[in-house]
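Let me begin by presenting the structure, written as structure tokens, before commenting on it.
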Amino acid sequence: MDASRRQFLERAALAAALGLSGPPSLSSGEARAQTRAAGPPQVADLHLVNGRFHTMDSGTRVVSQVWIRNGRFAGVGNNVSTQGNPRRVDLRGRTVIPGIVDAHNHIVLVGNRPGWSTPLEHVFTIQDCVAALKARANGVPAGEMVTCIGPLAAMQFPENRLPNLTELDAVPRPVYLQAAQGGNRTNSEGKKWLEARGVMVAADGTVAGQGAGMALLTLRKELLTAETRKRSAADALQYYSTLGITTHRDSGAFQADAPAPGIASENTYTMHEPFLALMREGRLAARLRLDFLHQDPPNANPPLPTLSDRLKNSFPFFGNDWIRTGGIGEFTGGGLDGLRAIARAGWRGEDHSLSLQNATQLIAARETVNKEIPIGNLRWIISHIPAFTPELADRANALGVGVLVGWGPTRTGTNVGPPYRMLMGHPIKKAFHSDGGDITVINPWLNFSTMVTGKNLQGQAILGDQVLTRQETLWLATAATKWFIWEDDLGSIEVGNHADLAVLDRDYFKVPEDEIKRVRSMMTVVGGKVVHDEL
Ligand SMILES: [Zn+2]
């Protein structure tokens, strides 16, 4: 099978899994790009009319038309005059938002999953989950493994469990599911496949205890090749384009030289290659911003064994509009000396915080370093902050440190944070991140639903009084991310900005609260290129 035929079938299989009526066809721009060795794809100019464009500009304007020329917005308003001969698309009153920027997730891990990787964050019943897997199986050769490793949570289903072996037996291929939260399951064909390789599976399809790591390790050893990684990477970006994400900021993985059992482990020196290959072929469905995670122990001898080489041999904020490097994160490693080295090199650094004590320590360490080497212009980041106080926000803000918030829909408990309402009233820089891919879901609408309703995927109230309006929530995931991506021409629909947008299937601003999680994109545009089209 030649490469383009294979690619067509893969796209068709993914489209079927997503429940689309047909495979997304290659735009002429894409087709042209594929014949070239490198360079950005050529795209047709667009005139989108009769929409409700929530521009997220500083005046929160809502307009009805945009003109896109050479990949950027050339006109934004209610009566836009165009030049040349742009393709005119009547949006028939649909709501349009700037492309969503997930300012910290683990999309590169999701793009390196073994098997026919099938993200399942858009289904809310076990029946729909199995149907999506069956649709995917139609495009998968007999005997080959359909997987979902990471982008799925048991909490998506009322039963709060994954489909069991009997239910998964409706899928005519071996299946292996390993949820970000909620364990793992396989079906009878998958059980046979795993047991033939020494991984024991319980009668209900669960691979218990250490076995889960063994299952993933075995799948990685047997099924990962440069080609299958590229397929997973393309499918992951394509999948999230159907949910309106146009920029992912990847926050790394745990370093593993060889295939490893951990869901968050990959070879961090080679895991970007499938995405770089897609970029060269003009096939990226979203922009990627890449940070480098380091975990050198403090007081290592020699000091900072991996971080010092990274800072000497790599370039921060280097690349093009599709893929660009960022800073060090979401771990900096090396204790205070790691922070000092990053500050001295003039890089951005990010660490995550899981508790108030943790956040307090991180800020104290940055205050210490800042007295020696000013970090105020480097846009350092602390992510997650489930617990945070106005006093800590004052101190972080005084240092020029911003915070990323999100990671909510699969959390349980009461008042689990982050304190969105407090932060919205504070001048500190803040934006949305899902942190999804290995510990939770990426789907922004699941996150937005929690931020607006205060409820997790099981409908339990988890945020207390710290909820946001829909406008505030969308602002955090669009215009507010500019500071974190460190690019002013993303995140809002304004003349001169990259033409990144999503035409929604329903009006996010008006649908009942319990429908927010079901919002999808009907058409997603990245740099003027239509990467997803169900219109
Ligand atoms: Zn993370």
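Ligands are counted one by one from 1 in listed order, and the atoms in each one are counted from 1 as well.
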Check whether any side-chain heavy atom of Val452 lies under 4.5 Å from a side-chain heavy atom of Thr469, and answer yes or no. no

Please tell me if the side chains of Leu177 and Thr186 come closer than 4.5 Å, counting only heavy atoms from C-beta onward. no

Could Arg520 and Trp445 be counted as a cation-pi pair, given that NZ or CZ must be under 6.0 Å from the ring centre and within 45° of the axis? no

Going by atom types alone, do His433 and Ser383 pair a side-chain donor with an acceptor below 3.5 Å? no

Let me know which of Arg136, Lys230, Arg229 forms a salt bridge (Lys or Arg N to Asp or Glu O under 4.0 Å) with Asp235. Arg136

Compute the ring centroids of His352 and His104, then answer whether they are less than 6.0 Å apart. no

I need the protein N, O or S atoms closer than 2.8 Å to the Zn ion (ligand 1), given as residue plus atom name. His104 NE2, His106 NE2, Glu330 OE2, Asp435 OD1

